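Have a look at the structure below, then the notes.
Note that this is a predicted model, so its numbers are computed, not measured. Quick note on labels: first sequence line is chain A, next is B, and so on, each numbered from 1.
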Amino acid sequence: MPDINAEIAQIFENMASLLEMKGDSVFKIRAYQRAARTISGLAFSIEEAVRDGMDLREIPGIGKAISDKIHELIQTGRVGAYEELLAEFPDGVLTLMTIPGVGPKTAMRIAQELGVTTIEGLEKAIEEGRLARLPRMGEKVIENIHRHIHSLRTKGQRLPIGPVLSLAETIIAALREKCPHIGELCPGGSLRRWEETIGDIDLMGTSPHPEEVTHCLVSLPMVQEVLGHGPTKASVVVYPGIQVDLRVVDADSFGALIAHFTGSQQHVIQLRDYANSLGLSLNEYGITNLETGAVEKFADEASFYSRLGLQHIPPELRLGTWEIELAREGQLPRLVEEADLRGDLHLHSLWSDGRDSIETMVEAVVARGYEYMALTDHSSGRGIANGLSNERLLEQIRLLRALQSQYPITILCGSEVDIRADGTLDYPDELLAELDVVVASVHSAMGQDSQTMTERIIRAMRHPAVTIIGHPSTRLLGRREPVQFDLEALLEAARETGTAMEINASPERLDLKDVHAYRAREMGVPLAIDSDSHHHNNVAQMRFGVAVARRAWCEAGHILNTRSREQFLAFIRTPKPDRIKVFDAQAEVRASRRARVTPVPGSSA
DNA sequence: GCCGTTTTCGGCCCGACTGTTTTCAGTCG
């Protein structure tokens, strides 16, 4: 989610909380919450959309009043109505609500009746016994609040998807081993939507003996704490402090269950609104006919959506924006899939900082069924990564040309070349001209200001040898912040020079990230999904990169390495300014802005 | 505050769980 969207969403979420404290209309409160959550799910920057002249009322849940407030925020940096509302309450009352289990009502009572508006103050009030004097504040409630204050301090934030997915897969394997009766068992929630960070693991399963499965979960050795344990549902905390929620139903309800627990809250609410308009009511067990009371069950998700007259909506798109509208019209894009990829353009070997020989890496790529690959060891400037000197690069090129005859795949000579601080490249031009594929990446001087960094990367794009900009933001999820740059300027330059932008599939990077890739797609910039493998096992990382592209509403046509070998060779053999024409001509799907501007029926386009 | 293939007024998603209650409010997803 773009930062400005997060800011806007937070303001509306806060307004909803404050209105709830005031006892305002629940429907007004819901409207603000709905707007906040829809904005959180948008893949594009609201600020940019406003600059482009978009009418925000095209966004479901945003009408005149909320649209006006967004314009006010963008123009003045403030929202008057929010500030007036804030002024009616003690400072800091909203911070109490960051404690799980403390909602608007509780926060208000604590602030009003105890004069406490900080978490530290609340902790003190608990220890001094003042909280216990409030009505409906029993021992258990207070104990819960106290525990959650403690866990706020010790528990981590959301974790990057890579390790969480591995953990989920480990848990699934362990459950399957212990419980032979399990039928379906898979992740739901943000994990199934491939969000880049995950708050907790939702698992959905089927079994003729559900209680057996929930029992297996709570008795796994990795479980640190059991939060709840019933016959069809269990919640536990596993190492390293991540919550796992498991729901198990009969096989014939699985479609409704997984549909219910995959979409964002906003998606699910919209789905139910829509179902109501058809005279139907949805829950996690099936679809109820409101007139007759008859319940239909669905063993799989496709038949569930189909019963509602909808295309099957890919999990990555279930964020409550336009996906239901488009599914109704049969207009959902056919998102890129792993099977569409024909090549991997960013791989390392033992020659630089990879862990496997060139042969092992080639074989791993061959096993993926690809038609071409580029070996891209580091350039000389990466001393720490054992970067290749000019001589070693020439030697590697000779070796690769010789190896070619032994493999059924086109092996392209490449390099991941450092973009130096001034935007020049790390090899002389005549050496770069020998290469088929150049991935140019920033690995140093990451603290440059936005203008310097933007000019630096654009200078690299203007080099005739540069094919792809590697991991453009250089971020490491949860460990290193992205560099500063002007995304619009970079994407314009990429389009103008015919340079591809990488979606680096390493789960540590996911770079470009989804919203940046979304904008790149809109602007017609070629995107390359690369594994950036340093080990033969890493070639399987592609699934993370494909997920980023899917979250960016990309179809195969938007992705450079879905091109056939012949098409890709035609692309790289065309001199750069004209490459973009080749890319466009090869695209089965022209870059479109449909995902953003598709109007709801009846409104003007 | 938003919204409309009955509607510009009169509706507005659904269920589980918890703890504190003698019938339900608050919170969560």
Exercise. Are S281(A) and dC14(B) close enough that a side-chain N or O sits under 4.0 Å from OP1 or OP2?
Worked result: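 Indeed, a polar side-chain atom of S281(A) lies that close.
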
For this session: Would you please test I11(A) and K69(A) for side chain to side chain contact (heavy atoms under 4.5 Å, CB included) and show each step?
Result: CA-CA 10 Å; I11(A) 286 173; K69(A) 289 183 176 70; over 6 Å; no

If you measure from the [atom1] atom in [N] to the same atom in [M], how many Å do you get, rounded?
N: dG26(B); M: dT20(B); atom1: C1'; answer: 11 Å
N: dT8(B); M: dC14(B); atom1: P; answer: 23 Å
N: dC17(B); M: dT23(B); atom1: P; answer: 23 Å
N: dC13(B); M: dC3(B); atom1: P; answer: 13 Å

For this session: For the pair F12(A) and Y32(A), name the ring-plane relationship: parallel under 30°, tilted 30 to 60°, perpendicular over 60°.
Result: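 Tilted: the ring planes of F12(A) and Y32(A) meet at 30° to 60°.
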
Exercise. Now, which nucleotide makes the Watson-Crick or G-U wobble pair with dA25(B), with each of the two distances under 3.5 Å?
Worked result: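 Partner of dA25(B): dT18(B).
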
Remember a base hit wins even if backbone is also touched, and classify [X] as base, sugar-phosphate or nothing at under 4.0 Å, heavy atoms.
X: I29(A); answer: nothing
X: Y285(A); answer: sugar-phosphate
X: L271(A); answer: nothing
X: I269(A); answer: base

Atom-pair distance ([atom1] on [X]; [atom2] on [N]), nearest Å:
X: Y274(A); N: dC3(B); atom1: OH; atom2: P; answer: 18 Å
X: N283(A); N: dC14(B); atom1: CG; atom2: P; answer: 9 Å
X: I59(A); N: dC2(B); atom1: CD1; atom2: C1'; answer: 14 Å
X: N276(A); N: dT5(B); atom1: CG; atom2: P; answer: 14 Å
X: Q270(A); N: dC12(B); atom1: CD; atom2: P; answer: 17 Å
X: D273(A); N: dG1(B); atom1: CG; atom2: P; answer: 19 Å

For this session: Can you check each nucleotide of nucleotides 18-29 of chain B against protein heavy atoms at under 4.0 Å and return B for base, S for sugar-phosphate only, - for none, in 5' to 3' order?
Result: -BS-----SSSB

For this session: Identify which nucleotide among dA16(B), dC14(B), dC3(B) has an atom closest to any side-chain atom of E284(A), counting heavy atoms from C-beta outward.
Result: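 Nearest listed nucleotide: dA16(B).
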
Exercise. Between dT5(B), dC13(B), dC3(B), which one does the side chain of R328(A) approach most closely?
Worked result: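 Among dT5(B), dC13(B), dC3(B), the one nearest the side chain of R328(A) is dT5(B).
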
Problem set entry | Whichever of I66(A) and L282(A) has its nearest DNA chain B nucleotide further upstream toward 5' |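 The 5'-side residue here is I66(A).
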
Exercise. Between R318(A) and E301(A), is the closest basic N to carboxylate O distance under 4.0 Å?
Worked result: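 Yes.
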
For this session: Only counting residues at least two apart or in another chain, list the ones meeting salt bridge (charged side-chain N to carboxylate O under 4.0 Å, His left out) with E88(A).
Result: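 So E88(A) forms a salt bridge (charged side-chain N to carboxylate O under 4.0 Å, His left out) with K22(A).
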
For this session: Sequence neighbours left out, what pairs pass salt bridge (Lys or Arg N to Asp or Glu O under 4.0 Å) with at least one residue falling in residues 260-275 of chain A?
Result: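 Applying salt bridge (Lys or Arg N to Asp or Glu O under 4.0 Å) to every pair that reaches into residues 260-275 of chain A, excluding sequence neighbours, yields nothing.
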
Problem set entry | Closest approach of I242(A) to D200(A) (non-hydrogen atoms, all atoms of both residues) |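 For I242(A) versus D200(A), the nearest heavy atoms are CG1-CA, 4.2 Å.
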
Exercise. Nearest heavy-atom pair of K513(A) and V548(A): which atoms, and what distance?
Worked result: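 Shortest heavy-atom separation between K513(A) and V548(A) comes out as C-CG1, 3.9 Å.
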
For this session: With rounding to the nearest 0.5 Å, note down the distance linking CG in L114(A) to NZ in K124(A).
Result: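 It comes to 12.5 Å.
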
Exercise. Do any pairs count as a ring pair (Phe, Tyr, Trp, His ring centres under 6.0 Å) and have a residue in residues 235-281 of chain A, sequence neighbours left out, and if so which ones?
Worked result: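 Listed once each, the pairs would be none.
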
Exercise. Taking only residues two or more places apart in sequence, or in another chain, which ones meet R551(A) in a side-chain hydrogen bond (donor to acceptor under 3.5 Å, both in side chains)?
Worked result: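 Scan of R551(A) (side-chain hydrogen bond (donor to acceptor under 3.5 Å, both in side chains), adjacent residues dropped) gives D514(A).
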
Problem set entry | Strand contacts (DNA chain B) in residues 248-257 of chain A, 4.0 angstrom heavy-atom criterion |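 Nothing qualifies; none.
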
